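Here the structure is laid out as structure tokens; the discussion comes afterwards.
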Amino acid sequence: MLLSGEMATRAERLDTAGLELDRALRLRRSRGVVIRPAGYSWVNIISHLRRLPDYSDLLYTLSVHRINVRYRQTALGVIWAILQPLLMMVIFTGVFSILAKMPSEGVPYPLFAYTALLPWTFFSTALTNATGSLVSHVQLITKVYFPREILPLTYVIAALFDFAIGVVVLGGLMGWYQVAITRQVWNLIPVVTLLAAWLLAVALVLSAAQARWRDIGVALPLLLQLWMFASPVIYPLSVVPEAWRSWYLLNPMVGIIASFRDVLLQGVQPDPVPLRYATIVTALALPAAYLIFKRAEASMADLI
Amino acid sequence: MKPRGPMFPHMVDIRFERVSKRYRIRQTDSKSPWLSRMLGRGGESDFWALQDVSFEVAHGETLGIIGPNGAGKSTVLKLLSRITPPTSGEIMLNGRLAALIEVGSGFHPELTGRENVFLSGSILGMRRKEIQGKFDRIVEFSGVEAFIDTPVKRYSSGMYVRLGFAIAAHMDPDILLVDEVLAVGDAAFQLQCHDRLNELRRAGTTMLFISHDLPSVEKLCDRVVLMQQGRLVASGTPHEVVSRYQNLAANAQVAALADAHVPGDAPVATVEAITFHDLAGKNVLGAGTGGPLVARVHYQATRAVQDAVIEVFYYSRDGRTLHCQQTTAVDGGELMLGAGRAALEFVTPELGLQPAIYSVGATIRERSAAGTIDWFYGRTLLYVEPGKSVRGHFYTPHEWRMVGEHVQPDNHRSHV
């Protein structure tokens, strides 16, 4: 028992006094929990939401971790965040402006495309990552409990980092094309919030579905491509025929991208009609998505 | 050190009330049409991992759960850690719960040890401030100080495991779930882990300990429950329940053996079981290094076997034969087995094996014939606990004595 003697002195130094202190400090937080069969009433959902702030540290750590890891061991590093939308802009300008002569509301086409690509790239990158987020963390999901919505949420937050870099590039482009930034730019804060909320709604549903059916991940690139053509990214909203409008506007990305263009390129307040559509759809979708996600969460560890 | 709170002598930290858990097993039968499989029809059968399980764990108590694989032990942990919900029943928890599960599962290979402490710690449920406060203790415990700023993908598997355990062991929960994790790391690290568990226990942590390592269960737990096929079948003192489980396992072994024989090739003699005893004949799980051990080979012969040899083999867990005892070597004489059931004992006065878990097998053969009549291959486990100190690979009985006289140095004499 020579060996254990040495260990014991070491263990003693990891004082039990400190342990007692930790426990005393924690008493405030500790409370009884009752674990019952999964239920889906609204009361349950609200109690889930109430407990979320307990995990704010985890959300923070994981989100920072995503940003840290994202460009590790890449030669260009964070430059990728700038290159992705810029290269798309160059390609779109070549194809849709020079070849197809797409109208661009009197704005240089590259800038016209970029103002839409900025929110769109945010949406598609975050959605792609978030959809796979549960499946890529099987190890955690089957071993540790935490609210699973944190996983897709961290990818949404991490994508905001790329988005912020993209905004800086946008500033540069606007300077280059001598388009003035007006006070209307503050209107973008609620619009970006709306974008994040809509993104989260879609990400919650798709990530939960992907945990059950891997088909989602396979179909997603195609879906995103279709979705981009169903949003005013390469063309202006004005070319969409009036008869289709009310259906077309049900896609919240329409209102969001249109608002970006209104505010940045025209220097006016966002057109309220598309924005209202986007807000209503998102306001209905997000709670529904959360409910769907929480229902799926119960059996997630067993089925993933 | 303050043990369980005197103000709440009957405080219960965990209560299972008629808890059941059903898993739906999907038959992935390739013959069923793909459409019905996609629609989730096809064959679905129910599997009850837990059926109507009720038990309580008092504040500060350490409860062991033992049972064969598939008995539902891990399901209990999964329900407690809220990874999956129960199908019916209710579980009451009082206090912060932490699970010492597969360590390092929250690690990211590209991040440094330091970053991973924060990442893994927050996944396990610690606050950033809390991790900051414990960071030095965690790193010291893990013993990887020198590499704390190196990406963990460059760590050896031992370092990885040690850091992972260090984080989990410093969660200081009110309720701790321990699932078979102590089998990792080298002997020194295992001792360190046991020390830490004891420390948490002394500090009043309620523990649920799930393990196949029966001697550890006996040593660590205040009370043990036995599970079988999703039900709780026994509860009592560690010694009672552990020996009951062993009898159960021995019976199952005999039953399994009866099935295993190929009909038409029935051997004239078969080894039915191997049991271990102390010198008084009492059933034991194992012995201490350097202590006495009696291995009893139970056999059955359909007719008399002339000039038989019975051997007992000791294997390491990786299957190497470490040691063999045989009847001819014991007395050199002839062994004749009569028809019927009987047993034969090998008495080892001082066991040479190091503390570890071994598997033990036995054979019966005729000395004259080439083939072995029956081979009972390593289906019995032997637990060897620390006894006489072993450095090196094995212990041998030895004595020591002094020879010659001391030659006392002159300069010491003047002080006396």
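Here the structure is a predicted model, which means the values were calculated and not measured. Proteins get letters first, then strands, A, B, ... in listed order; numbering begins at 1 in each.
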Search all heavy atoms of [X] against all heavy atoms of [Y] and return the closest pair with its distance.
X	Y	answer
B:Pro85	A:Ala298	CD-O, 2.9 Å
B:Ile83	A:Val144	CD1-N, 3.7 Å
A:Tyr145	B:Arg82	CD1-O, 3.0 Å

Below 3.5 Å, can you tabulate the donor-acceptor pairs from side chains in residues 199-207 of chain A to any protein atom, sequence neighbours excluded?
residue, atom, partner, partner atom, Å
A:Ser207, OG, A:Ala203, O, 2.8
A:Ser207, OG, A:Leu204, O, 3.2

Sort by residue number and list every residue of residues 56-65 of chain A having at least one heavy atom under 4.5 Å from chain B.
A:Ser56, A:Asp57, A:Leu58, A:Tyr60, A:Thr61, A:Leu62, A:His65

In chain order, what residues pass the side chain to side chain contact (heavy atoms under 4.5 Å, CB included) check against B:Gln51, with sequence neighbours excluded?
B:Trp48, B:Arg231

For chain A, the option from B:Ile131, B:Leu111, B:Thr87 that forms the most heavy-atom pairs under 4.5 Å
B:Leu111

Side chain, backbone, both or neither of B:Leu80 within contact of chain A (heavy atoms, under 4.5 Å):
backbone

At a heavy-atom separation under 4.5 Å, does B:Leu97 approach chain A through its side chain, its backbone, both, or neither?
neither

Residues in residues 14-23 of chain B that sit under 4.5 Å from chain A, counting heavy atoms only:
B:Lys21, B:Tyr23

side-chain contact (heavy atoms from CB on, under 4.5 Å) assessment of B:Thr84 paired with A:Glu297
CA-CA 9 Å; B:Thr84 184; A:Glu297 184 187 67; over 6 Å; no

